[in-house]
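First comes the structure, then the notes that go with it.
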Amino acid sequence: MQYSPDWNPGLRRSYNMAVIETRHLDKVFRIPHEKRNTLFQALTGFFTPMPFETFHALKDISISIEDGEMLGIIGDNGSGKSTFLKILSRIIIPTSGSVLIKKRVTPFLELGVGFNTDFTAAENIKIYGIIMGLTPREIDDKADDILEFADLTRFRDTRLRNFSSGMQVRLAFSTAIQTNPEILLLDEVLAVGDMDFQKKCLQELERFKQEGVTIIFVSHDLDAVKKHCERTMLLNHGEQVMLGETNEVIEKYTVPL
Amino acid sequence: MLIQFLRERYNYRHLIWILAWVDFKQRYKNSVLGYLWSLLEPLLMLGILYIVFSNLMKNPVEHYPLFLLMGIIMWSFFSRATTSSLASIRFKPSLIKKVYFPRDILVISNCTTALLMSLFESVVFIMFMAIFRIPLSLNIAYLPCIIFLFYILTLGVSLALATLNVYYQDIQYIWALVLQLGFFATPVMYPLSVFPTSFLKILSYNPLAQIIFIARDVTLYSKVPNAASLAFVIVIAFVILAIGYAIFARLEPRFAEEL
């Protein structure tokens with residue numbers, strides 16, 4: 001289904017300003033039957049071909065995401081949602097097709113942002129902030145807010161390995177959202193924290209929306225998608241089944257053919 | 001292209017520095033005692049090698065304790081940097097799979113940590129220089145340049161190792177063996193005069209040996225570095241860095257899938 005930008009002009013902040021554009025994006029994973037992971041095996045097996053399966057994770061995804069929109073992505077497990085986000089965040093490279101990204105991407109994938117459990121909360125916040133392009137001074141200023149939002153101020157100098165998994169995820173999420181995101185990629189963010197924390201997160205997301213941050217929201221929680229996203233993409237076995245107004249897409253997803 | 005590459009690394013300088021610094025503090029457990037403790041390691045090594053070799057050698061080497069200490073510090077920089085870099089990508093899957101930044105930053109910061117540690121150990125060396133009243137000459141001005149070349153060479157080796165270790169898990173064991181052999185093939189503890197000339201020819205192709213010779217010449221013996229060895233070291237250091245980056249660039253795109 002072709003999406004037309006004027007279906008609800010009231011919700012648009014700017015027209016025809018795509019911050020992410022993918023064209024005919026394909027990703028094929030090669031899964032070897034038997035992994036050769038020593039140099040010895042690689043040398044001895046140099047002349048024998050390595051049998052492998054291919055897994056077509058994404059097929060011909062073409063989408064243009066506008067500045068300031070909140071796009072939902074839904075689909076069954078294994079439909080390619082996470083792979084798509086990983087390509088947008090430059091963690092894996094597509095097999096073919098093109099990706100154009102015009103702003104800084106802040107990914108929050110698989111409930112983490114790449115913290116090192118040997119380092120303290122403060123050190124991790126600093127490293128992450130710098131990866132995200134903040135200067136050391138800017139991140140120092142923000143550290144207190146991040147810890148306060150995660151309700152972890154007392155654990156500033158505690159190593160992350162001593163944090164519970166819930167504490168780690170809360171810290172990761174607050175760090176990600178407090179580093180002036182321009183494009184936020186959120187994968188199953190509603191699994192973060194307890195009810196109170198989730199509520200705080202969703203409020204924060206609404207504020208970002210008002211401020212014009214582009215958000216890509218992957219979730220199995222269709223109610224949340226319905227509530228927050230104007231536009232949604234449905235993926236099934238790597239194919240872009242439908243892209244359009246959220247209610248219509250969810251209807252297509254929930255009502256079997 | 002090269003300028004763009006350098007500019008991007010320059011933009012990540014804060015990241016290189018913070019990763020190296022946090023790692024450095026961590027190794028010394030954030031304690032004063034930890035820092036002092038780490039100085040004992042080279043001193044102990046110095047003590048043992050000194051006792052053994054000063055009795056073994058027929059022709060004593062001038063300033064032998066310092067000759068030895070300089071070799072030990074430089075060798076441990078190389079061995080520490082390459083060993084820690086081996087693990088730098090392979091054992092950081094959480095970082096590689098969750099957020100993007102140029103992956104070579106991890107290797108650069110590991111080599112920088114090793115450099116910081118070696119500079120810290122050099123405090124002992126400077127103390128010994130003062131105790132033995134070694135005369136300094138202007139030739140010491142060559143030293144920063146030699147350290148730079150040594151860093152470049154080590155970074156090249158480390159990049160190749162860190163990359164290959166993602167794909168081949170036995171690299172780390174092979175490398176531990178290579179390092180052990182390398183320690184004896186590099187004149188850390190003996191002067192060249194212990195060997196026959198035919199053997200010297202082979203040894204002169206070891207860039208680490210050349211770097212250590214030059215460093216000793218300029219600091220301990222007030223000599224101008226041998227132009228031929230210096231040229232050899234410059235060429236080799238950059239060639240190894242280029243090879244390291246070539247291997248890295250070829251295999252880097254699939255790191256996240258492989259880990």
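Any value given below was found using the heavy atoms of this structure, including those in side chains, with hydrogens, waters and symmetry copies removed. Below, chains carry the letters A, B, ... as their sequence lines are ordered, and counting in each starts from 1. Since the model is a prediction, treat every value here as computed from it, not as a measurement.
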Under 3.5 Å donor-acceptor, B/Gln26 side chain and A/Asp118 backbone: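 Side chain of B/Gln26 to backbone of A/Asp118, a donor-acceptor pair under 3.5 Å: yes, one is there.
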Backbone of A/Phe115 reached by a side-chain donor or acceptor of B/Ser94 within 3.5 Å: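 Side chain of B/Ser94 to backbone of A/Phe115, a donor-acceptor pair under 3.5 Å: yes, one is there.
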Output the distance between atom [atom1] ([X]) and atom [atom2] ([Y]), rounded to the nearest 0.5 Å.
| X | Y | atom1 | atom2 | answer |
| --- | --- | --- | --- | --- |
| B/Phe101 | A/Ile91 | CZ | CD1 | 10.0 Å |
| B/Ile18 | A/Phe119 | CD1 | CZ | 9.5 Å |
| B/Leu19 | A/Lys126 | CG | NZ | 11.5 Å |
| B/Lys97 | A/Leu109 | NZ | CG | 11.5 Å |
| B/Tyr167 | A/Thr38 | OH | OG1 | 15.5 Å |
| B/Tyr100 | A/Met132 | OH | CE | 11.5 Å |

Region of B/Ile174 in contact with chain A, defined by heavy-atom distances below 4.5 Å: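 For B/Ile174, the contact with chain A is made by the side chain alone.
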Quick check: closest heavy atoms across [X] and [Y], and the distance to 0.1 Å?
| X | Y | answer |
| --- | --- | --- |
| A/Leu39 | B/Tyr168 | N-CB, 3.6 Å |
| B/Lys98 | A/Pro107 | O-CG, 3.6 Å |
| A/Ile92 | B/Ala256 | CG2-CB, 3.8 Å |
| A/Ile131 | B/Leu95 | CD1-CD1, 4.3 Å |

Crowding at CD1, A/Ile31 (>12 non-hydrogen neighbours, <6.0 Å):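 Counting other residues, nucleotides and ligands, CD1 of A/Ile31 exceeds 12 neighbours.
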B/Glu257 and A/Lys86 ion-paired at < 4.0 Å: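 Not counted as a salt bridge, because no side-chain N and carboxylate O are separated by less than 4.0 Å.
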